[in-house]
Amino acid sequence: LIHAFKTELVEGTNGESSNWRAVFKAEQQQTELSESQTKNFIPPSSTEGSSDGRTISSAHEAYSALSSANALVCYHGDGAVEPAVELALLLQIPFAVVPCCVLQKQFPDRTLADGTFVRKHHQLVSLLVEMGSRYNETIRHTTLKLNNDTARGDVVFMTAEDYKGR
């Protein structure tokens with residue numbers, strides 16, 4: 001499912017996330033969408049699918065599956081970490097993401113709130129934490145102590161109790 005959001009953000013609209021936001025807003029309000037709003041949201045009909053083997057083939061099915069989720073986890077999500085965080089914030093569900101690759105070639109214009117370009121891992125972590133301000137939420141960050149030199153231990157997360165207004 002995250003592949004659908006990665007496809008939408010990275011390949012579908014050159015970094016614009018308006019289409020999938022429109023899909024979720026319309027689903028929440030039970031309104032109709034134009035074809036242009038949903039065209040890039042639908043995941044490819046390949047082996048991608050849900051964990052039980054069913055393929056998600058429409059925005060409505062994706063919304064139904066994701067809106068009933070209790071939490072969202074994204075480990076080594078590459079280009080999907082930002083949409084994963086934004087999706088969790090939109091649905092107000094707990095999440096944990098472990099960002100790894102900065103992917104500065106895929107996202108050359110990605111900046112922090114102060115205008116600094118995101119080029120290093122710690123800047124990507126800061127960007128993900130800053131995303132909470134768009135929803136008036138506070139996203140947390142911790143670093144796990146791992147027993148190797150290659151894996152990154154940064155975790156960006158929110159628990160159910162972290163959400164304001166609950």
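Scope of the values below: all heavy atoms of this structure, side chains included, with no hydrogens, waters or symmetry mates. Along the sequence shown, residues carry numbers from 1.
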Would you give the length of the straight line joining atom [atom1] of [X] to atom [atom2] of [Y], rounded to the nearest 0.5 angstrom?
{"X": "His141", "Y": "Met158", "atom1": "NE2", "atom2": "CE", "result": "15.5 Å"}
{"X": "Gln106", "Y": "Cys101", "atom1": "CD", "atom2": "SG", "result": "9.5 Å"}
{"X": "Leu127", "Y": "Ile139", "atom1": "CG", "atom2": "CD1", "result": "9.5 Å"}
{"X": "Lys120", "Y": "Ser126", "atom1": "NZ", "atom2": "OG", "result": "12.5 Å"}
{"X": "Leu91", "Y": "Tyr163", "atom1": "CG", "atom2": "OH", "result": "8.0 Å"}
{"X": "Ile93", "Y": "Asn70", "atom1": "CD1", "atom2": "CG", "result": "8.0 Å"}

Taking the side chain as C-beta and beyond, is there a heavy-atom pair between [X] and [Y] under 4.5 Å?
{"X": "Thr138", "Y": "Asp162", "value": "no"}
{"X": "Phe157", "Y": "Val97", "value": "no"}
{"X": "Cys74", "Y": "Val98", "value": "no"}

Donor-acceptor pairs are to be reported for all side-chain atoms of residues 110-119 against protein atoms at under 3.5 Å, with residues two or more places apart or in another chain.
residue : atom : partner : partner atom : Å
Arg110  : NH1  : Glu82   : OE2          : 2.6
Arg110  : NH2  : Val102  : O            : 2.2
Asp114  : OD1  : Thr116  : N            : 2.9
Asp114  : OD1  : Thr116  : OG1          : 2.7
Asp114  : OD2  : Thr116  : OG1          : 3.3
Arg119  : NH1  : Pro108  : O            : 3.2
Arg119  : NH2  : Pro108  : O            : 3.0

Working for side-chain contact (heavy atoms from CB on, under 4.5 Å), residues Val155 and Leu144: CA-CA 7 Å; Val155 181; Leu144 303 175; 3.7 Å; yes

Check against side-chain contact (heavy atoms from CB on, under 4.5 Å), Glu137 and Leu89: CA-CA 8 Å; Glu137 301 289 357; Leu89 289 166; 4.2 Å; yes

Cys100: partners by side chain to side chain contact (heavy atoms under 4.5 Å, CB included), with sequence neighbours left out: His76

Heavy-atom pair of closest approach, residues Leu72 and Ala88: CB-CB, 4.4 Å

Residues which pass side-chain hydrogen bond (donor to acceptor under 3.5 Å, both in side chains) with Thr143, listed by chain and number, not counting sequence neighbours: Asp154

